[in-house]
A.B. asks: 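One structure coming up, written as structure tokens, with questions to follow.
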Amino acid sequence: MVLTLELPVIETKQETPDVKSVKLGFDGQKFDYKPGQYMMMELDVDDPEKGNTRPLSIASSPTEDFLLFSTKISQSLFKQKYNSLRIGNKVKLKGPMGVFVLKEDAKEIIFLGGGIGITPFRDMIKYASDKKLPVKITLIYSNKTPDDIVYKDEWNVFERENPNFKVIHTITQEGTDWQGRTGRIDEAMIREFSSDINNTIYYICGPLGMVDSLSNLLKTMNIPLQNIKIEKFVGY
Ligand SMILES: Cc1cc2nc3c(=O)[nH]c(=O)nc-3n(C[C@H](O)[C@H](O)[C@H](O)COP(=O)(O)OP(=O)(O)OC[C@H]3O[C@@H](n4cnc5c(N)ncnc54)[C@H](O)[C@@H]3O)c2cc1C
């Protein structure tokens, strides 16, 4: 059921130089949603061209007692208003919506994320951990620089909470002091972390170009189409 809600900001956090999170309280209006779904957020802006709503993935799991959103701050009026939200402000939401949701009975899942395209994955990974789902999960998370990693401190906590979960960071920009893996997500990386590539469910989320190139890569690897789930963040 699609709900219309107005929920209070309980916390804001600068996750990276250009990504900001807003945590909302349920205020007695906790509702059901599937991990991976999104909401339409409405802010009080007058933008005749782009409007006053944006779809934003829910980054918190239904097992948590708050709603988390994170977005890249741009020059748009909507994002400037979002950036100015303070504790106690009310935010209008419509939802939940979307079919990019966790396949709870999967044996193995690989999440392929880039930059801000991580939001629904935090939701799904936290949910699988809290529910102790017996699914092997690998997150391959690509960012330009180490400073761009969203929810940076949480990934290791999730790994400790869930022995079936592993995060692999890869950094694409040369010349940083990153000691770990570098370069774009490629076939070798996917093969390295999948025990059985044909029986793994792949989730891809991010800007259009990234989603298209990774889903094409999986297709050239002959991954069954029904095992590839995509969410495109239009607008980037
Ligand atoms: C299902 C779904 C889930 C999504 N989830 C998320 C999410 O979790 N997090 C997230 O960040 N995004 C998410 N998106 C994308 C999001 O909805 C927006 O489309 C995106 O954030 C761009 O919005 P914007 O307001 O920054 O840019 P828009 O207003 O859409 O404009 C597009 C571009 O024009 C530029 N621009 C706009 N106005 C101005 C101006 N006045 N001056 C200069 N430049 C300007 C912006 O910088 C931007 O680059 C999701 C999209 C979908 C479809």
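Remember, it's 1-based here, ligands and their atoms both numbered in the order they're listed.
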A.B. asks: Are Lys232 and ligand 1 in contact, using a heavy-atom cut-off of under 4.0 Å?
C.D. replies: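 Yes.
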
A.B. asks: Quick one: look at Pro120 and ligand 1, take heavy-atom pairs under 4.0 Å, and tell me if it's side chain, backbone, both or neither.
C.D. replies: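 The answer is neither.
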
A.B. asks: Which residue holds the protein heavy atom closest to atom 48 (C) of ligand 1, what is that atom called, and what is the gap in Å?
C.D. replies: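 Result for atom 48 (C) of ligand 1: Gly235 O, 4.2 Å.
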
A.B. asks: Between ligand 1 and Gly98, can you find any atom pair, the residue atom being a heavy atom, that is separated by under 4.0 Å?
C.D. replies: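 False for this residue.
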
A.B. asks: Is there a donor in the side chain of Ser129 and an acceptor in the side chain of Glu161, or the other way round, less than 3.5 Å apart?
C.D. replies: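 Short answer, no.
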
A.B. asks: Look only at interatomic distance and state if Lys79 has a nitrogen or oxygen under 3.5 Å from any nitrogen or oxygen of ligand 1.
C.D. replies: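 It does: an N or O of Lys79 is found under 3.5 Å from an N or O of ligand 1.
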
A.B. asks: Flag the pair Lys92 and Asp44 as a salt bridge only when some basic side-chain nitrogen lies within less than 4.0 angstrom of an acidic carboxylate oxygen.
C.D. replies: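 No, no charged N to carboxylate O under 4.0 Å.
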
A.B. asks: Taking non-hydrogen atoms only, is Ile116 closer than 4.0 angstrom to ligand 1 via side chain, backbone, both or neither?
C.D. replies: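 For Ile116, the contact with ligand 1 is made by the side chain alone.
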
A.B. asks: What's the shortest distance from atom 37 (C) of ligand 1 to any protein heavy atom, and which residue and atom give it?
C.D. replies: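 In this structure, atom 37 (C) of ligand 1 has Ser76 CB, 3.6 Å as its nearest protein heavy atom.
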
A.B. asks: Starting from atom 45 (C) of ligand 1, which protein heavy atom do you reach first, and at what distance in Å?
C.D. replies: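 In this structure, atom 45 (C) of ligand 1 has Gln75 CB, 4.1 Å as its nearest protein heavy atom.
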
A.B. asks: Kindly check if the number of other-residue, nucleotide or ligand heavy atoms within 6.0 Å of NZ (Lys107) is above 12?
C.D. replies: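 Incorrect, the count does not exceed 12.
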
A.B. asks: Could you tell me whether Tyr202 and Phe111 have their ring centroids closer than 6.0 angstrom?
C.D. replies: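 Not close enough - the centres of the two rings lie 6.0 Å or further apart.
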
A.B. asks: What I want to know is whether Thr71 and ligand 1 share at least one N or O pair that is separated by under 3.5 angstrom.
C.D. replies: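 Min N/O separation from ligand 1 is below 3.5 Å for Thr71.
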
A.B. asks: Which of the atoms in ligand 1, numbered in the order shown and given with their element, are less than 4.0 Å from a heavy-atom of Tyr38?
C.D. replies: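 Going through ligand 1 atom by atom, the ones under 4.0 Å from Tyr38 are 1 (C).
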
A.B. asks: Side chain, backbone, both or neither: which applies to Phe69 and ligand 1 if a contact is any heavy-atom pair less than 4.0 Å apart?
C.D. replies: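 For Phe69, there is no contact with ligand 1 at all, from either part.
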
A.B. asks: Return the orientation label for the Tyr203 and Phe121 ring planes: parallel under 30°, perpendicular over 60°, tilted otherwise.
C.D. replies: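 Ring orientation, 0 to 90° scale: perpendicular.
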
A.B. asks: Checking a contact table here: which protein heavy atom is nearest atom 9 (N) of ligand 1, and how many Å away?
C.D. replies: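 Of every protein heavy atom, Ser70 O, 3.0 Å lies nearest to atom 9 (N) of ligand 1.
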
A.B. asks: Distance-only, no hydrogens or angles: does the Asp130 side chain make a donor-acceptor pair with backbone N or O of Tyr127 under 3.5 Å?
C.D. replies: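 A pair under 3.5 Å: no.
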
A.B. asks: Measuring only between side-chain heavy atoms, which start at C-beta, is Thr138 closer than 4.5 Å to Phe193?
C.D. replies: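 Heavy-atom side-chain distance check passes, below 4.5 Å.
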
A.B. asks: Is the closest side-chain donor-acceptor distance between Ser70 and Tyr151 under 3.5 Å?
C.D. replies: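 Yes, a side-chain donor-acceptor pair sits under 3.5 Å.
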
A.B. asks: Do you see a donor-acceptor pair shorter than 3.5 Å between the side chains of Ser195 and Glu108?
C.D. replies: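 Yes, a side-chain donor-acceptor pair sits under 3.5 Å.
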
A.B. asks: Answer yes if the side chains of Asn216 and Ser213 hold a donor-acceptor pair under 3.5 Å, and no otherwise.
C.D. replies: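 Short answer, no.
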
A.B. asks: Nearest protein heavy atom to atom 7 (C) of ligand 1, by residue and atom, and its distance?
C.D. replies: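 Result for atom 7 (C) of ligand 1: Phe233 CE2, 3.4 Å.
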
A.B. asks: Is the shortest distance from atom 16 (C) of ligand 1 to a protein heavy atom below 4.0 Å?
C.D. replies: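 Given the 4.0 Å cut-off, atom 16 (C) of ligand 1 counts as touching protein heavy atoms.
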
A.B. asks: Provide, to 0.1 Å, the distance between atom 50 (C) of ligand 1 and the closest protein heavy atom, together with that atom's residue and name.
C.D. replies: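 Here the closest protein heavy atom is Pro55 O, 3.2 Å.
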
A.B. asks: May I ask you to say whether Glu42 pairs ionically with Arg54, meaning some side-chain N is under 4.0 Å from a carboxylate O?
C.D. replies: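 Result for this pair is no, no salt bridge flagged.
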
A.B. asks: Over 60° means perpendicular and under 30° means parallel, so tell me whether Trp155 and Phe165 are parallel, tilted or perpendicular.
C.D. replies: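 Correct class here is tilted.
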
A.B. asks: Among all protein heavy atoms in this structure, tell me which lies nearest to atom 31 (O) of ligand 1, with the distance rounded to 0.1 Å.
C.D. replies: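 Ranked first by proximity to atom 31 (O) of ligand 1 is Lys50 NZ, 3.3 Å.
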
A.B. asks: If we set the cut-off at 4.0 Å for heavy atoms, which region of Thr119 has an atom near ligand 1: side chain, backbone, both, or neither?
C.D. replies: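 The answer is the side chain.
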
A.B. asks: With a 4.0 Å cut-off, would you call Glu11 and Arg86 a salt bridge?
C.D. replies: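 Arg86 and Glu11: not salt-bridged.
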
A.B. asks: Looking only at N/O atoms, are Phe78 and ligand 1 under 3.5 Å apart anywhere?
C.D. replies: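 No - when backbone and side-chain N and O of Phe78 are compared with those of ligand 1, no distance drops under 3.5 Å.
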
A.B. asks: To which protein heavy atom is atom 18 (C) of ligand 1 closest, and what is the distance rounded to 0.1 Å?
C.D. replies: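 Looking at atom 18 (C) of ligand 1, the protein heavy atom closest to it is Val234 O, 3.7 Å.
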
A.B. asks: Just which atoms of ligand 1 are under 4.0 Å from any heavy atom in Lys72?
C.D. replies: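 In order of numbering, the contacting atoms are 11 (O).
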
A.B. asks: Pairs of nitrogen or oxygen atoms closer than 3.5 Å, one from Ser74 and one from ligand 1: do any exist?
C.D. replies: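 It does: an N or O of Ser74 is found under 3.5 Å from an N or O of ligand 1.
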
